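The figures that follow rest on heavy atoms only: side chains count, while hydrogens, waters and symmetry mates do not. Start at 1 and go down the list; that is how both ligands and their atoms are numbered. Small disclaimer: the values here were computed from a predicted structure and weren't measured.
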Amino acid sequence: MSTNTTDNARKVTTRRLVEMKQRGERISMLTAYDYSSAKIIDGAGIDVILVGDSASNVMAGNITTLPITLDQMIYHAKSVMKGTKRALVVVDLPFGSYQGNSKEALASAIRIMKESHAEAVKMEGGAEIRESIERILCAGIPVMGHLGLTPQSINKFGTYNVRAREQEEADKLIEDALMLQEIGCFAIVLEKIPAELARKVAQRLTIPIIGIGAGGGVDGQVLVMHDMLGINQGFSPRFLRRYADLASVMNDAVGRYIEDVKSGDFPSESESY
Ligand code: KIV
């Protein structure tokens with residue numbers, strides 16, 4: 001049974017997320033990359049599904065998010081859209097699909113919207129990619145910003161440690177967040193930054209701030225589904241709360257299946273034609 005207390009079956013839109021912030025209603029967001037899991041988390045009442053480029057890690061087994069391609073993101077987004085009725089579906093623009101120039105960025109965003117039927121895109125970065133975000137917004141495509149730890153820039157940072165602990169970086173993050181709101185982004189993800197800084201940003205901005213490793217003072221939370229369900233066991237940052245141990249559940253089920261096949265117990269007569 002779902003533990004969701006919101007019995008509101010109305011489709012979630014970018015506008016509705018802003019209304020939720022105004023009402024002080026927290027926003028729940030999880031990643032999904034395929035039809036079956038999108039259907040489950042949408043049915044449980046999740047507000048936003050992110051087709052994250054973390055698919056590069058948890059689906060394809062890459063060390064970083066950099067290798068995933070636009071075609072692969074569109075494949076995942078199409079599958080998620082087929083399993084989703086209520087949640088707002090946001091798709092990450094992958095590394096290399098928007099950093100070149102704003103024309104290329106717009107072409108990538110249009111491909112995602114046209115081919116997957118998703119409802120918004122997410123882009124990592126602030127002032128450096130302003131022109132690309134503005135061009136995409138001008139085309140009527142909603143954009144979710146992403147500041148703080150931006151995994152597509154891991155080779156520049158050299159570490160996945162907490163960002164914006166220093167005043168200079170914190171000031172730039174606040175400036176970038178204000179700019180993203182001013183140009184028309186509908187929400188911003190803040191990843192792995194001090195809770196106090198995230199709270200300050202959420203209080204100052206009128207658009208929703210969704211945190212991951214950014215404390216409880218923001219307007220919503222996002223986690224990678226494979227991490228919070230315990231499918232991906234090799235990642236245990238402090239901010240991650242595990243709600244299930246699906247790796248053990250799957251390991252146990254597969255073990256019993258193997259035993260039954262080897263012993264001849266499966267299939268039984270009632271499982272045969
Ligand atoms: O790709 C992803 O899963 C993300 C979340 C960590 C916010 O960007």
closest protein heavy atom to atom 6 (C) of ligand 1 is Ile212 CD1, 3.7 Å
Note: ligand 1 atoms sitting under 4.0 Å from heavy atoms of His146 are 8 (O)
With a 4.0 Å cut-off on heavy atoms, is Met29 in contact with ligand 1? no
Give the table of side-chain donor-acceptor pairs shorter than 3.5 Å for residues 210-230, with sequence neighbours excluded, one pair per line with atom names and distance.
from   : atom 1 : to     : atom 2 : distance (Å)
Asp219 : OD2    : Lys21  : NZ     : 2.8
Asp219 : OD2    : Ile209 : N      : 2.8
Gln221 : NE2    : Gly215 : O      : 2.9
Asp227 : OD1    : Asn232 : ND2    : 2.7

So for Asp92 against ligand 1, with non-hydrogen atoms under 4.0 Å, the contacting part is side chain
Ligand 1 to Glu191 polar contact by distance, N or O atoms, under 3.5 Å: no
Across all chains, not counting sequence neighbours, the side chain to side chain contact (heavy atoms under 4.5 Å, CB included) partners of Ser116 are Ala77, Lys78, Ile112, Ala118
Rounded to the nearest 0.5 angstrom, the OG-CD1 distance for Ser102 and Ile129 is 11.5 Å
* Is there a nitrogen or oxygen of Ser54 sitting under 3.5 Å from a nitrogen or oxygen of ligand 1? -> yes
Consider ligand 1: state whether an atom of it lies below 4.0 angstrom from any non-hydrogen atom of Glu124. no
Looking at ligand 1, does any of its N/O atoms fall within less than 3.5 Å of an N/O of Thr31?
no
Contact region, Val224 to ligand 1, non-hydrogen atoms below 4.0 Å, reads side chain
Is Tyr35 reachable from Ile40 through a run of I, L, V, M, F, W or Y residues, each pair having side-chain heavy atoms under 4.5 Å apart?
no
Using distance alone, determine whether Tyr33 and ligand 1 share an N or O pair under 3.5 Å. no
In terms of heavy-atom contacts, Ile68 and Ala55 come closest through CD1-CB, 3.7 Å
Test side-chain hydrogen bond (donor to acceptor under 3.5 Å, both in side chains), reference Asp92, set His76, Lys122, His146, output is Lys122
In terms of its nearest heavy atom to atom 4 (C) of ligand 1, the top option of Leu50, Val222, Thr150, Ile68 is Leu50
For Leu137 and Gly184, the nearest pair of non-hydrogen atoms, with its separation, is CD2-O, 3.7 Å
Is Ile231 linked to Met59 within one hydrophobic cluster, defined over Ile, Leu, Val, Met, Phe, Trp and Tyr using a side-chain heavy-atom separation of less than 4.5 Å?
no
Report yes or no: do Asp34 and Ser37 form a side-chain donor-acceptor pair below 3.5 Å?
-> yes
Under 4.0 Å from one or more heavy atoms of Asp53, ligand 1 contributes atoms 1 (O)
min-distance protein heavy atom vs atom 8 (O) of ligand 1 -> Lys122 NZ, 2.8 Å
